[in-house]
Amino acid sequence: MCGIVGYIGPRNATPILLNGLKRLEYRGYDSAGIAVIQDGRIEVRRDAGKISRLFDLVEAQPLAGSPGIGHTRWATHGAPNARNAHPHTSASGKVVAVHNGIIENFLELREELSAEGVTFRSETDTETIVHLVERYMASGKSLVEAARAAFQRLEGANVVVLMSAWEPDKLIAARLGNAGGVVIGYGEGEMFAASDIPAILEYTRKVAFLESRQMAVIQAQSVHLETLDGKKISPRIHHIAWDAVAAEKGEYRHFMQKEIHEQPRSLADTLAGRVDFERGKIRLPDLNLTPELAQRIRKIYITACGTAAYAGMVGKYLIEKIARIPVEVEIASEFRYRDPLIDSDTVVLAISQSGETADTLAAMEEGRRKGAVLWSIVNAIGSQAMRIADGYIAMQVGPEISVASTKAFTAPILDQYMLAILLADLRGTIDESTRRKLIADLRLIPQRVGQVLEREAEIQKVARAIKDTHNALYLGRGIQMPIAYEGALKLKEISYIHAEGYPAGEMKHGPIALIDEHMPVVCLAPQDPWYEKMLSQIQQAKARGGLVIAVATEGDTQIPPMADYVLSVPSVPWMLAPVLTVIPLQLLAYHIAVIRGLDVDQPRNLAKSVTVE
Ligand code: AGP
């Protein structure tokens with residue numbers, strides 16, 4: 001969703017803003033713009049389309065000054081054109097703002113302001129903010145007071161960063177609800193604001209996050225945080241461990257490719273410090289899981305969206321099998337509309353890479369309202385899903401920039417595996433030798449994932465063979481069923497090919513009618529408890545002329561004679577196999593998209609963090 005960046009300090013804001021926007025591109029956008037205060041006036045450059053158009057515009061009509069704000073817009077109100085692109089200025093041109101979210105009472109505010117004679121120049125809800133601030137400043141309020149008064153009028157979840165040529169020594173940033181994060185970056189004699197850490201990582205690793213209904217008054221030498229009703233807050237400063245290089249593509253052509261290849265390392269980091277292989281113990285201290293809590297949990301709801309939800313579906317198998325606690329997985333956008341049965345012995349476990357997905361946060365709030373214990377598995381440090389939880393597991397995967405999530409899919413699988421062992425241990429439902437065996441099984445996983453990655457050339461060959469298909473089926477059973485869903489999602493989102501993930505056993509109840517010689521059928525068939533069933537599924541697909549691509553265990557002798565292509569993965573215990581079998585599917589989707597010449601890291605219509613409902 002929309003990306004925001006702000007700068008105040010002695011340097012020219014323009015290159016810092018442009019660079020920040022470039023690093024926020026992954027969030028998805030359809031227009032971009034910047035504003036700086038130059039010689040006491042606000043200068044704006046904005047345009048529809050890619051940031052490169054904004055770069056060209058700035059080159060043709062340079063602007064320099066400080067402070068400055070920048071924005072990448074993902075259209076909600078109004079078409080994605082230059083007129084609706086942010087920043088938006090007030091009638092006098094003295095107030096300028098960028099915004100992420102939806103102002104729910106926008107029509108009402110617009111009518112009110114129009115009745116006072118304000119002429120709107122865009123179709124956006126954002127424009128109401130600058131007119132409101134200008135109106136309050138005209139009535140004698142300072143910028144801070146005017147911004148605060150304006151923010152109090154806005155309904156809905158919104159993030160705003162604004163400035164005024166009347167008080168050019170400050171930037172105001174506010175977070176009103178869960179429309180996405182605001183990170184404040186602390187530099188030496190200069191400060192930054194952004195939607196996400198990568199935008200400012202090059203300049204500082206010292207950051208603080210705004211909570212809902214908080215605002216920041218940012219000056220070059222100081223940051224003042226307060227609630228919307230003016231109560232001062234002491235910032236909680238975090239030191240980000242990633243460096244700027246972690247958010248660079250490096251030798252890779254795309255972030256997605258880089259992130260797929262990072263998985264041996266991200267999975268090793270996931271285990272580091274948490275798995276004690278010697279003692280056969282798991283440590284997840286941030287989860288705040290006491291033996292008493294472990295004993296009383298009667299049910300776990302896993303809630304998440306998209307890829308994160310599929311990771312949760314794998315988690316259901318792991319937690320139910322190892323810890324013997326009933327688990328339900330619920331898509332976060334449905335959870336709160338269904339009146340789920342929750343009490344204080346229920347855990348609501350949210351999984352989210354960004355920790356800012358609006359539906360996931362709303363599902364967590366539903367859990368909170370009904371008295372559940374709230375846990376999260378989150379990648380973005382300091383994000384809302386991490387902060388509002390009673391306990392969390394931080395994914396150790398570093399920044400995930402590509403819209404298509406890959407390393408943030410495999411890490412939470414291992415996180416849930418560790419969680420399942422810890423729960424079983426604390427509940428006393430697992431004997432020591434089983435526990436030790438489950439833990440020992442983890443040891444080689446990162447290395448095994450590396451072995452799958454070495455087979456990229458074979459996967460590329462399959463990608464070439466099916467690149468022109470219009471449809472694809474992905475079939476799996478048991479713990480591999482969510483991998484079928486995830487494989488299909490990857491293909492859909494980056495190659496725009498219609499793909500369906502389906503429980504293989506359900507094929508005979510209808511979808512098998514789809515199979516003919518034009519239908520690639522990707523079958524997840526490692527040697528696990530569902531293997532025999534998958535063999536018969538492969539036979540059925542072949543009998544109907546389908547082009548079968550099987551993901552199978554290395555050394556399998558039954559599948560190669562049946563399948564058109566075999567993508568092999570090393571043999572690992574079945575509960576950990578999803579971490580391996582998903583890798584060829586990530587690479588398959590990636591290479592098909594590359595061959596088709598598509599924008600892999602920023603697929604059309606998609607945003608990295610979906611911060612609106
Ligand atoms: C994954 O490839 C998707 N782009 C998407 O499904 C994503 O996983 C989903 O939007 C959830 O995001 P989150 O993990 O940041 O909450």
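Numbers here are sequence positions counted from 1. Note that this is a predicted model, so its numbers are computed, not measured. Start at 1 and go down the list; that is how both ligands and their atoms are numbered.
Using modelled atom types, one finds a donor on one side chain and an acceptor on the other under 3.5 Å when comparing Asp601 with Ser402. Counting only N and O atoms by type, the side chains of Glu202 and Asn19 include a donor and acceptor under 3.5 Å apart.
Residues Phe335 and Tyr301 place their aromatic rings such that the two centres sit under 6.0 Å apart.
Of all non-hydrogen atoms in Asn288 and Gly391, the two that sit nearest each other are ND2-CA, 4.0 Å.
Lys22 places no side-chain N or O within donor-acceptor distance of the main-chain N or O of Ile51, the cut-off being under 3.5 Å.
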Name each N or O atom in ligand 1 that is under 3.5 Å from a protein N or O, and give the partner atom and the distance.
from	atom 1	to	atom 2	distance (Å)
ligand 1	2 (O)	Thr307	OG1	3.4
ligand 1	2 (O)	Ser405	N	2.8
ligand 1	2 (O)	Lys490	NZ	3.0
ligand 1	2 (O)	Glu493	OE1	3.3
ligand 1	2 (O)	Glu493	OE2	2.4
ligand 1	4 (N)	Val403	O	3.0
ligand 1	4 (N)	Glu493	OE1	3.0
ligand 1	6 (O)	Thr307	N	3.2
ligand 1	8 (O)	Thr307	N	3.3
ligand 1	14 (O)	Gln353	N	2.7
ligand 1	15 (O)	Ser354	N	2.9
ligand 1	15 (O)	Ser354	OG	2.6
ligand 1	15 (O)	Thr357	OG1	3.4
ligand 1	16 (O)	Ser352	OG	2.6
ligand 1	16 (O)	Thr357	OG1	2.5

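Considering only residues two or more places apart in sequence or on other chains, Asp468 meets the salt bridge (charged side-chain N to carboxylate O under 4.0 Å, His left out) condition with none of them.
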